[in-house]
Participant: 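Handing you a structure now.
Residue numbers start from 1 in every chain, and the chains themselves are labelled A, B, ... in the order their sequence lines are given, proteins ahead of strands. All heavy atoms count here, side chains included; hydrogens, waters and symmetry mates do not.
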Amino acid sequence: MNLADLAHPAEEVAPKLLGAVLTHEAPEGTVSITITETEAYSGAADPASHAYRGRTPRNAVMFGPAGHLYVYRSHGLHWCANIVTGTDGIASAVLVRAGRIIEGEDLARKRRGGMAESSRLARGPGNFCQALGITAEHNGAHLLAGASVTLSEGEPVPAALIRVGPRVGVSKAHDWQHRFHLAGDPTVSAYRLSPRAKPSAGA
DNA sequence: AGTAGGATGATCT
DNA sequence: GATCATCCTACTG
């Protein structure tokens, strides 16, 4: 996985991001996390996407070129990070939902409040961002080599381990098979159907 | 200007 | 499984 591979629709890129590594070099230290769970979101055709109703100040980064971070606030407390994919002008992004920490676990644990279990440090999109140290200041950040947040190739992931299923927590188009994760990995978050979920047509 | 509703997570029962 | 903390965005009038 390199930056050029991101120039494709989110649902194509999302499974390929499994096994890739996000690294954040902060003043207090470096944390690297292997991605184990992703979800694809697109634009006008995806009712669950922030970009469904068109471009707004919040979602503008989703419409930009691939290789940037789209960070948004969830429920007033959590930060969630997307990797923007696809073509400039068309909204497309992959939500990073969970990962396995491979560097800087002590710092990640400290950011998470000292919790013990390693497999839960970056489980769930909000927790992932907290462990990696991602906040609003990273919205729009370019994942260039040398930047504070970078994307790099990790260990190859056997295709047989990749699972696909419905997205978590979305109230619209909840049955779209746009969530990808590694089978049997303890760092993957639990599936949860949105209480507002209603049946819908879709891919 | 007002307000409904989150791409969540921790905690309690 | 239910509750709730907490606040921003975007839609409505």
Participant: Given atom CZ of A:R179 and atom C1' of B:dT8, what is their separation to the nearest angstrom?
Facilitator: 14 Å
Participant: Crowded around A:E28 CD? As in, over 12 foreign heavy atoms under 6.0 Å?
Facilitator: yes
Participant: Tell me which nucleotide among C:dA10, B:dA7, B:dA10 gets nearest to the side chain of A:T56.
Facilitator: C:dA10
Participant: Looking only at side chains, do A:T187 and A:R123 share a donor and an acceptor under 3.5 Å apart?
Facilitator: no
Participant: Quick one: on DNA chain B, does A:V170 or A:Q130 contact a more 5' nucleotide (nearest heavy atom)?
Facilitator: A:V170
Participant: In whole Å, what is the span from the CZ atom of A:R97 to the C1' atom of B:dG9?
Facilitator: 11 Å
Participant: Expressed as a whole number of angstroms, how long is the span from A:L193:CG to B:dT8:P?
Facilitator: 12 Å
Participant: B:dA7 P sits how many Å from A:R58 CZ, rounded?
Facilitator: 7 Å
Participant: Taking any strand in view, what nucleotide pairs with B:dA7 in a Watson-Crick or G-U wobble way, both distances under 3.5 Å?
Facilitator: none
Participant: Without decimals, in angstroms, what is the distance between A:K172 NZ and C:dC11 C1'?
Facilitator: 11 Å
Participant: Indicate, with a heavy-atom threshold strictly under 4.0 Å, whether A:N127 touches base, sugar-phosphate, or nothing.
Facilitator: sugar-phosphate
Participant: If the cut-off is 4.0 Å, is A:N59 near the phosphate of B:dA7, judged by side-chain N/O to OP1 or OP2?
Facilitator: no
Participant: State the pairing partner of C:dT6; accept Watson-Crick or G-U wobble contacts with both distances under 3.5 Å, and report none otherwise.
Facilitator: none
Participant: Would you call A:D46 and A:R167 a salt bridge, taking side-chain N to carboxylate O under 4.0 Å as the test?
Facilitator: yes
Participant: Is the ring centre of A:Y41 under 5.5 Å from the base ring centre of B:dA7, and are the two planes under 30° apart, so that they stack?
Facilitator: yes
Participant: Of all the nucleotides listed (B:dT8, B:dA7, C:dT9), which has the minimum atom distance to the side chain of A:H50?
Facilitator: B:dA7
Participant: Return the value, rounded to whole Å, for the distance between atom CZ of A:R192 and atom P of B:dA7.
Facilitator: 12 Å
Participant: Separation of A:L95 atom CG from B:dG6 atom C1', in whole Å?
Facilitator: 13 Å
Participant: Going by distance alone, is a donor N or O of one side chain under 3.5 Å from an acceptor N or O of the other, for A:S92 and A:S42?
Facilitator: no
Participant: Over all strands shown, is A:R120 touching base, sugar-phosphate only, or nothing at heavy-atom distances under 4.0 angstrom?
Facilitator: nothing
Participant: If I take atom OH in residue A:Y72 and atom C1' in nucleotide C:dC7, what distance separates them, rounded to the nearest angstrom?
Facilitator: 15 Å
Participant: Are A:E103 and A:T23 linked by a side-chain donor-acceptor pair shorter than 3.5 Å?
Facilitator: no
Participant: Side-chain N or O of A:S171 versus OP1/OP2 of B:dG5: is the shortest distance under 4.0 Å?
Facilitator: no
Participant: Looking at A:K16 and A:D5, does any basic side-chain N land under 4.0 Å from a carboxylate oxygen?
Facilitator: no
Participant: Answer with base, sugar-phosphate or nothing: what part of the nucleic acid does A:M115 contact at a heavy-atom distance below 4.0 Å?
Facilitator: nothing
Participant: Kindly confirm whether the side-chain ring of A:H75 is stacked on the base of B:dG9, judged by centres under 5.5 Å and planes under 30°.
Facilitator: no
Participant: Of the listed nucleotides (B:dG9, B:dA7, C:dT6), which one gets closest to any side-chain atom of A:L77?
Facilitator: C:dT6
Participant: Can you tell which of B:dA7, B:dT8, C:dC11 lies closest to the side chain of A:R53?
Facilitator: C:dC11
